[in-house]
J.: 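Below you will find the structure I want to go over with you.
Just so you know, these numbers use all the heavy atoms, side chains as well, and skip hydrogens, waters and symmetry mates.
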Amino acid sequence: MSVVEADDERGPAATEDLLHGVVRRLRPLHRAAVRSVERELVGTGITAGEHALLDALRTEGPRTVPQLARTLGLDRQPVQRWVNHAAELGLVVTAPNPAHRRSSLIRLTTEGTEVMRGIQASESAELRRGLADLSAEDIATALRVLDRIGEKFRHLAADSRVPPKESGSPDNSGSHQKPHAASASPVPPQVPHEGRLTE
């Protein structure tokens with residue numbers, strides 16, 4: 001039954017219960033996904049966080065460290081450490097940024113592209129075996145719902161950084177809702193690689 005059908009048949013409370021159920025599953029799902037990725041990465045020298053970084057570069061092309069941090073929803077410091085370690089492994093390099101001379105672009109090397117292609121092939125085969133019962137429509141719906149929930153949590157997290165005296169300003173659209181549920185959103189792990197490259 002879809003959320004819309006549940007709302008029609010049992011009212012808004014049923015929809016809220018379903019949404020809370022989705023949110024409650026996000027953190028354990030994220031942890032399980034990270035453990036699965038770490039298993040795939042054994043022997044590569046790459047961490048799960050660096051895998052996320054390399055995947056972002058593979059799908060979106062060269063990015064600056066701040067851009068990568070925004071994509072991953074993280075502070076700049078851990079992303080910079082991942083970039084540094086990936087550079088040590090020969091998986092990424094810095095390149096001039098035509099838009100900003102002091103903020104270099106990070107891009108995959110040929111080796112980095114090949115490594116990610118191999119990892120993705122293994123991941124895709126595993127997903128096909130384990131989730132063959134899900135249709136493309138099911139997956140598209142899941143993506144739409146997760147994107148919408150993520151959008152809401154990002155809004156709540158941004159509101160939480162606004163000083164109380166500004167909470168009623170027009171920029172916040174009058175929202176006074178507290179971001180109590182934001183802690184349920186998944187946060188990629190950080191790794192303790194101190195590095196030398198700068199953005």
J.: Would you say Arg58 and Thr113 make side-chain contact, with heavy atoms under 4.5 Å?
T.: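 Not in contact.
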J.: How does the hydrophobic cluster around Ile139 look, that is, which other residues are in it when side-chain heavy atoms under 4.5 Å mark a link?
T.: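 For the cluster that includes Ile139, the remaining residues are Leu127, Leu131, Leu134, Leu143.
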J.: To the nearest 0.5 Å, what is the distance between CZ on Arg70 and CZ on Arg76?
T.: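 If I round to the nearest 0.5 Å, the distance is 10.5 Å.
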J.: Is the closest side-chain heavy-atom distance between Ile119 and Val37 below 4.5 Å?
T.: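 The answer is no; the side chains never approach within 4.5 Å.
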J.: Mind checking the CG-CZ spacing from Leu57 to Arg63? Nearest 0.5 Å is all I need.
T.: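 One gets 8.5 Å once the value is rounded to the nearest 0.5 Å.
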J.: Looking at every heavy atom in both Thr71 and Ala56, which two are closest together, and how far apart are they?
T.: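 Looking at all heavy atoms of both residues, the shortest contact is CG2-CB, 4.3 Å.
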J.: For Val34 and Ala48, which heavy atoms make the closest approach, and how far apart are they?
T.: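 Closest approach of Val34 to Ala48: CG1-CB, 3.9 Å.
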J.: Between atom CG of Leu54 and atom CD of Gln120, what is the distance when rounded to the nearest 0.5 Å?
T.: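 One finds 12.5 Å between CG of Leu54 and CD of Gln120.
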J.: Are any non-hydrogen side-chain atoms of Val23 and Phe153 less than 4.5 angstrom apart?
T.: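 SC-SC contact between Val23 and Phe153 confirmed.
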J.: With a 4.0 Å cut-off on N to O distance, would you call Glu151 and Arg154 a salt bridge?
T.: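 Arg154 and Glu151: not salt-bridged.
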J.: Would you indicate whether the side-chain heavy atoms of Leu91 and His85 approach each other to under 4.5 Å?
T.: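 Answer no - side chains too far apart.
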J.: Which pairs pass salt bridge (Lys or Arg N to Asp or Glu O under 4.0 Å) with one or both residues in residues 132-146, sequence neighbours excluded?
T.: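 Residue pairs passing salt bridge (Lys or Arg N to Asp or Glu O under 4.0 Å), neighbours aside: none found.
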J.: With a 4.5 Å heavy-atom cut-off, do Ile106 and Thr64 have their side chains touching?
T.: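 Result no, sub-4.5 Å side-chain heavy-atom pair not found.
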J.: Does the side chain of Asn84 come under 3.5 Å of the side chain of Gln80 through a donor N or O and an acceptor N or O?
T.: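 Present: a donor and an acceptor within the cut-off.
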J.: If you round to the nearest 0.5 Å, how far is CG of Asn97 from CZ of Arg107?
T.: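 With rounding to 0.5 Å, CZ (Arg107) is 13.0 Å from CG (Asn97).
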J.: Taking the side chain as everything from C-beta on, heavy atoms only, tell me whether Leu105 gets closer than 4.5 Å to Pro98.
T.: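 Side chain of Leu105 against side chain of Pro98, heavy atoms only: contact under 4.5 Å found.
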J.: Is there a donor-acceptor contact under 3.5 Å from the side chain of Ser36 to the main chain of Ala32?
T.: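 No, because the side chain of Ser36 does not come within donor-acceptor range (under 3.5 Å) of the backbone of Ala32.
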J.: Which value, rounded to the nearest 0.5 Å, describes the distance between Leu19 atom CG and Lys152 atom NZ?
T.: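 The CG atom of Leu19 sits 11.5 Å away from the NZ atom of Lys152.
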J.: Which distance, rounded to the nearest 0.5 Å, do you find between the CZ of Arg39 and the CD of Glu126?
T.: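 Reported value, rounded in 0.5 Å steps: 5.5 Å.
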J.: Please give me the minimum heavy-atom distance between Trp82 and Leu72, naming the atom from each residue.
T.: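 It is CZ3-CD1, 3.9 Å.
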J.: Is there side-chain contact between Leu108 and Val115, with at least one heavy-atom pair below 4.5 Å?
T.: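 No. Closest side-chain heavy atoms not under 4.5 Å.
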J.: With a 3.5 Å distance limit and no angle check, can you tell me whether Ser104 reaches the backbone of Pro96 through a side-chain donor-acceptor pair?
T.: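 Side chain of Ser104 to backbone of Pro96, a donor-acceptor pair under 3.5 Å: no, none is there.
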J.: What pair of heavy atoms forms the shortest contact from His51 to Leu41, and how long is it?
T.: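 Closest approach of His51 to Leu41, heavy atoms only: CB-CD1, 3.8 Å.
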J.: Might you point out which heavy atoms bring Asp75 and Val79 nearest each other, and give the distance in Å?
T.: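 Answer, listing the atom of Asp75 first, then Val79: O-CG2, 3.5 Å.
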J.: Please walk me through it: do Leu68 and Leu74 pass side-chain contact (heavy atoms from CB on, under 4.5 Å)?
T.: CA-CA 8 Å; Leu68 287 165; Leu74 292 171; over 6 Å; no
J.: Does Glu38 pair with Arg35 as a salt bridge, N-O distance under 4.0 Å?
T.: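 Salt bridge: no.
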